[in-house]
Amino acid sequence: MAELVNIFEREFARETIFLDRNLITPHFTPQKLLFRDKYIGEISGILSKTLHGEKPDNLFIYGKCGTGKTSVTRLVMQQLLEFASAKNIPVEGNYVNCRNHNSKYRILSKIVKDFFPEEDFMGYSAAFVYEKLLEHARGKEKAGGKHIVLVLDEIDKVKDLDELIYGLTRGNDEIGSSGSISLIGISNNLMFKDRLDPRTKSSLCENEMVFPPYNAQELTEILRQRTGMAFKPDTVEESAVCLAAAIAAQESGDARTAVMLLLRAGEIADRRGSGKVTDREVMKAKVQVEEELVYNMVSTLPEQQQFVLYSIAVLSLTKKPQPKITGETEKGVLFSGEVYDEYCKIAKKHKEEIVSSRWYREYINELEMYGLIYTTASGKGIKGQTTLIKLGFDAEKIKGLIERELIEQN
DNA sequence: CCTCCACAGGAAGCGCAGGAGT
DNA sequence: ACTCCTGCGCTTCCTGTGGAGG
């Protein structure tokens, strides 16, 4: 008779090349951040004012995803708070991700709740919560005030940012000199600050910092650091690390992508039982990571925008290569106008509303921002002024993906 | 050179949903 | 419970732009 074994027994006993898988996930922040000393220095320079009882300037940090904005800020904040509490200096901090707390009220409630964990502020008015925060900064009678540093990550997601910042700036006047509230705003969208009220903008951007993408060498170093911690010795080939770094650098300079590549490559090696991460695993991981990335983006797109992307995929599959003025032919390059026509046809077939061509252009711009398509302005050889559109990923895959998405919804 | 084409993208405004104030 | 307000997604309208063609 066959032995009865718990089905997890085999999984549990399986050989793995990971020492600690968690250390090579994008969520993990190492204690030492490479190639960011300059920014760590600048930010801590600004925040050190709090240690001398002064209000630091507000700071706005911009950079694409995976450039270390959040990690650097969290690290500096953590050190600041540790130091302040060791020296008994009244400095406090709070981190808010504005994707989850996307309005003035939600942000204020979240902060106040963290400062007063024992009390419940559900249902209180925005003014009350705001007053509570000021009270906290002002401090008790003789104890003196506190210097509070608020980190607002993905600050571009806040709907009524003008009001929030106006409120907090005014709050500083009310608190007086004994305490203060200052802001660190983080965003990967530089354009968003142009939409702000000029006063908000000048207040938030007292200091500005731009985090550049990492280059291939930097990414290689970062990956070496991580593999040393996360993998067992001699399980990751040096060339595999370089390859993963090169792929990530070429695509975006995104450290998150680079880390994901090695994580998936490690998982693939485990599954195959080969006990080693080589170029082969990394190349396989590349396909997988790319698919995950695209899937995440596509599935969160509004339905109409999915139709636009779908039209681009369909057209680039059916359209014959266009002879370009330079003589060579380029595959899959589409005109903005023909994509819109195709989109109208497809949307009509699915009995969907059709968005105006103006809004369609906004969709196109967004799709480019997400990296799902590439666009170029038409030059010589093409009638009028139009945008040339090219799909950023494999047309078949995008087409299949959206078809599945749409079927799921119905 | 002028006009037309095929768009790009700014400005204003509209209807709706949801949240805040009363 | 109600009214008021505001942001969001979108439309309509409009001006601007650069190459093609006469």
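This one's a predicted model, so the numbers in the text were calculated from it and none came from an experiment. We name chains A, B, ... by the order of the sequence lines, and we start the count at 1 in each one.
A salt bridge links A/E342 with A/K345; the closest basic N to acidic carboxylate O contact falls under 4.0 Å. Ion pairing between A/E290 and A/K397 fails under the 4.0 Å rule for side-chain N and carboxylate O. The existence of a salt bridge linking A/E267 and A/R21 is confirmed by a sub-4.0 Å separation between a basic side-chain nitrogen and an acidic carboxylate oxygen. A salt bridge is defined here as a Lys NZ or Arg NE, NH1 or NH2 lying under 4.0 Å from an Asp or Glu carboxylate O, and A/R224 with A/E238 meets this definition.
The interatomic distance linking A/Y340 (OH) with C/dC10 (P) rounds to 12 Å, in whole Å. For the pair A/Q385 CD and C/dG18 P, the interatomic distance rounds to 7 Å; values are reported in whole Å. Atom-to-atom, CG of A/N365 to C1' of B/dG10 comes out at 13 Å; the value is rounded to the nearest Å. The CD atom of A/E366 sits 14 Å away from the P atom of B/dG9 (whole-angstrom rounding). Here the P atom of nucleotide B/dA8 and the CD atom of A/E368 are 12 Å apart, to the nearest Å. Rounded to whole Å, atom C1' of B/dA11 lies 12 Å from atom CD of A/E362. Atom-to-atom, OH of A/Y360 to P of C/dT12 comes out at 18 Å; the value is rounded to the nearest Å. Between the P atom of C/dG9 and the CD atom of A/E303 lies a distance of 15 Å, rounded to the nearest Å.
Under 4.0 angstrom from either OP1 or OP2 of B/dA8 there lies at least one side-chain N or O belonging to A/T387. Within the structure, a side-chain polar atom (N or O) of A/R361 is placed less than 4.0 Å from OP1 or OP2 of B/dA8.
Among the atoms of the strands shown, none is found under 4.0 Å from any heavy atom of A/I364. Counting any heavy atom pair closer than 4.0 Å across all strands shown, A/S356 reaches a base atom. Using a 4.0 Å heavy-atom criterion, one finds that A/Y363 contacts the sugar-phosphate atoms exclusively.
Relative orientation of the A/H350 and A/Y310 rings is perpendicular, given thresholds of 30° and 60° on the angle between their planes.
No hydrogens or angles were tested; on distance alone, a donor-acceptor pair under 3.5 Å links the side chain of A/R358 to the base of B/dG10.
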